[in-house]
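What follows is one structure encoded as structure tokens, with my remarks underneath.
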Amino acid sequence: MSTDRGSREASAEVNHSPKETSFAGRLQLSNFMFTGPGHNPSSPGPRRSQRLSTPQPAASSQHSPSKSRKRKIKLEAPEVESGSSSTGKNTPTSSPKKRSRTSSSYAPPAKYAHLPLLPDAMAPNLLILFIGLNPGLKTATVGHAYAHPSNLFWKLLYSSGITPVPCKAHEDQEMPARYSLGHTNIVARPSRNGAELSKAEMDDGVAILEEKCRKWRPEVACVVGKSIWESVFRVRHGRSLSKGEFTYGWQEERMGAVKGGDGDSWEGSRIFVATSTSGLAATLKPAEKEAIWKILGDWCVQRRKEREG
């Protein structure tokens with residue numbers, strides 16, 4: 001009995017002795033680590049979402065645009081909505097349009113019928129008779145020739161030597177007596193600019209100019225602007241000026257010639273075509289205009305000396 005009891009106590013001591021700590025039988029992190037399909041052929045591949053592995057119906061692709069399609073729509077949207085949208089919001093454009101200038105068109109005489117006509121400045125045997133296009137609104141309002149502040153007429157008269165001293169628009173009626181200079185226009189009615197005149201009324205004015213030259217007989221008829229000479233040429237020759245046919249300065253033709261066998265014949269006024277003095281005429285530079293007017297000025301200075309001597 002004592003032997004069996006001692007054996008049981010020894011066995012109990014062995015069973016109650018501390019054991020080594022172990023995680024066997026529990027979840028191991030190493031079992032869930034991904035080491036790549038080539039590392040262990042027996043290990044399963046990485047987990048994938050069941051939703052992604054399930055094939056999608058073909059019809060769904062027709063209703064959902066691809067990423068590239070969405071990208072294309074976003075890029076094209078600014079081009080469609082350039083300028084002002086229907087909601088009134090302004091969207092910037094890559095190339096803004098330049099501001100276009102509204103062109104003037106023909107205006108009937110009734111539009112400015114409330115403005116008075118500009119009187120001519122005339123006298124017999126003038127040195128120069130200046131022929132303008134027609135009175136502008138400023139000129140018609142104040143009643144003096146070339147009165148707009150931007151018009152270069154009076155400045156060019158002095159810088160070219162045609163007048164020995166600077167003159168102003170309000171002195172226009174004194175010019176025949178003081179310097180033997182006069183002025184008239186191919187069209188009598190006023191307008192805002194030359195675009196409001198018709199070619200027909202400009203052509204009708206040529207015969208009136210011829211008659212004025214025959215009556216007053218100025219030595220030179222100075223046409224102030226190419227468009228006026230184009231009308232004179234068109235009426236005389238029945239055609240327009242050809243390309244390269246026009247030049248500023250002295251012309252071979254004369255104006256207002258009188259042919260008669262009673263001794264009253266007259267060869268007519270020499271024609272000089274000068275540049276327009278309007279502030280709207282910007283085809284030529286100021287220096288180019290002055291050079292053309294200087295040719296007439298040199299002639300005027302010399303001729304005035306001859307008359308005075």
Side-chain angles (χ1 to χ4, degrees), residues 104 106-123 126-157 162 167-176 179-218 220-236 248 251 255-256 268-281 289 293 296:
S104 302
Y106 172 77
K111 184 174 182 179
Y112 304 109
H114 61 285
L115 295 175
L117 298 179
L118 182 70
D120 292 342
M122 291 290 195
L126 295 170
L127 272 175
I128 305 174
L129 173 63
F130 295 100
I131 302 172
L133 181 60
N134 75 312
L137 300 186
K138 178 68 174 179
T139 292
T141 301
V142 302
H144 296 289
Y146 306 98
H148 197 280
S150 66
N151 198 293
L152 302 175
F153 179 78
W154 299 102
K155 294 180 180 178
L156 287 170
L157 287 190
I162 295 176
C167 298
K168 302 293 183 180
H170 67 269
E171 303 176 77
D172 58 347
Q173 293 298 321
E174 304 173 14
M175 302 306 287
Y179 305 116
S180 191
L181 305 174
H183 68 78
T184 186
N185 292 293
I186 189 172
V187 177
R189 74 177 182 93
S191 68
R192 185 175 299 276
N193 51 45
E196 293 186 334
L197 304 177
S198 67
K199 287 186 177 181
E201 59 185 327
M202 290 180 64
D203 291 353
D204 291 342
V206 174
I208 300 175
L209 294 178
E210 296 275 6
E211 181 59 33
K212 288 180 180 180
C213 287
R214 276 192 291 267
K215 178 181 179 180
W216 300 103
R217 299 191 178 186
V220 173
C222 177
V223 177
V224 186
K226 179 183 176 182
S227 62
I228 305 171
W229 176 243
E230 288 175 338
S231 289
V232 175
F233 188 93
R234 186 166 52 244
V235 170
R236 289 185 170 188
Y248 286 103
Q251 308 297 317
M255 183 172 290
S269 304
R270 296 182 66 186
I271 298 176
F272 186 93
V273 180
T275 65
S276 173
T277 60
S278 171
L280 299 175
K289 294 182 179 181
W293 278 82
L296 180 62

Taking all non-hydrogen atoms of both residues into account, name the closest pair between [X] and [Y] and its distance.
{"X": "Gly143", "Y": "Asp172", "answer": "O-OD2, 4.1 Å"}
{"X": "Cys222", "Y": "Leu296", "answer": "SG-CD2, 3.6 Å"}
{"X": "Pro135", "Y": "Ala188", "answer": "CD-O, 3.4 Å"}
{"X": "Ala147", "Y": "Val142", "answer": "CB-CG2, 3.4 Å"}

To the nearest 0.5 Å, tell me how far [X] [atom1] sits from [Y] [atom2].
{"X": "Ile208", "Y": "Thr184", "atom1": "CD1", "atom2": "OG1", "value": "8.5 Å"}
{"X": "Asp204", "Y": "Leu209", "atom1": "CG", "atom2": "CG", "value": "11.5 Å"}
{"X": "Tyr106", "Y": "Glu201", "atom1": "OH", "atom2": "CD", "value": "5.0 Å"}
{"X": "His183", "Y": "Met122", "atom1": "NE2", "atom2": "CE", "value": "8.5 Å"}
{"X": "Arg270", "Y": "Ile128", "atom1": "CZ", "atom2": "CD1", "value": "11.0 Å"}
{"X": "Asn185", "Y": "Leu133", "atom1": "CG", "atom2": "CG", "value": "7.5 Å"}

Side-chain donor-acceptor distances from residues 271-279 under 3.5 Å, at least two apart:
| unit_1 | atom_1 | unit_2 | atom_2 | d |
| --- | --- | --- | --- | --- |
| Thr275 | OG1 | Trp293 | NE1 | 3.1 |
| Ser276 | OG | Ser278 | N | 3.3 |
| Thr277 | OG1 | Asn151 | OD1 | 2.8 |
| Ser278 | OG | Leu280 | N | 3.1 |

Do the side chains of [Y] and [X] get nearer than 4.5 Å, heavy atoms only?
{"X": "Met255", "Y": "Ile131", "value": "yes"}
{"X": "Leu157", "Y": "Cys167", "value": "no"}
{"X": "Lys155", "Y": "Lys289", "value": "no"}
{"X": "Leu181", "Y": "Leu126", "value": "no"}

With a 3.5 Å distance limit and no angle check, can you tell me whether Ser269 reaches the backbone of Ala221 through a side-chain donor-acceptor pair?
no
Quick one: ring pair (Phe, Tyr, Trp, His ring centres under 6.0 Å) partners of Phe153, sequence neighbours excluded?
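If we apply the ring pair (Phe, Tyr, Trp, His ring centres under 6.0 Å) test to Phe153, skipping adjacent residues, the hits are Phe130, Tyr146.
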Please list, one pair per line, the donor and acceptor atoms closer than 3.5 Å that link side chains of residues 223-233 to other protein atoms, with sequence neighbours excluded.
| unit_1 | atom_1 | unit_2 | atom_2 | d |
| --- | --- | --- | --- | --- |
| Ser231 | OG | Asp203 | OD1 | 3.4 |
| Ser231 | OG | Arg234 | NH2 | 3.1 |

Evaluation steps, side-chain contact (heavy atoms from CB on, under 4.5 Å), between Asn134 and Ile186
CA-CA 6 Å; Asn134 75 312; Ile186 189 172; over 6 Å; no
N-O pairing of Glu171 and Lys168 below 4.0 Å:
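No.
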Between the side chains of Arg189 and Glu196, is the shortest nitrogen-to-carboxylate-oxygen separation below 4.0 Å, so that they form an ion pair?
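Not counted as a salt bridge, because no side-chain N and carboxylate O are separated by less than 4.0 Å.
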Start with the C-alpha gap between Val220 and Leu127, add the side-chain angles, then the distance that decides, and say whether side-chain contact (heavy atoms from CB on, under 4.5 Å) holds.
CA-CA 6 Å; Val220 173; Leu127 272 175; over 6 Å; no
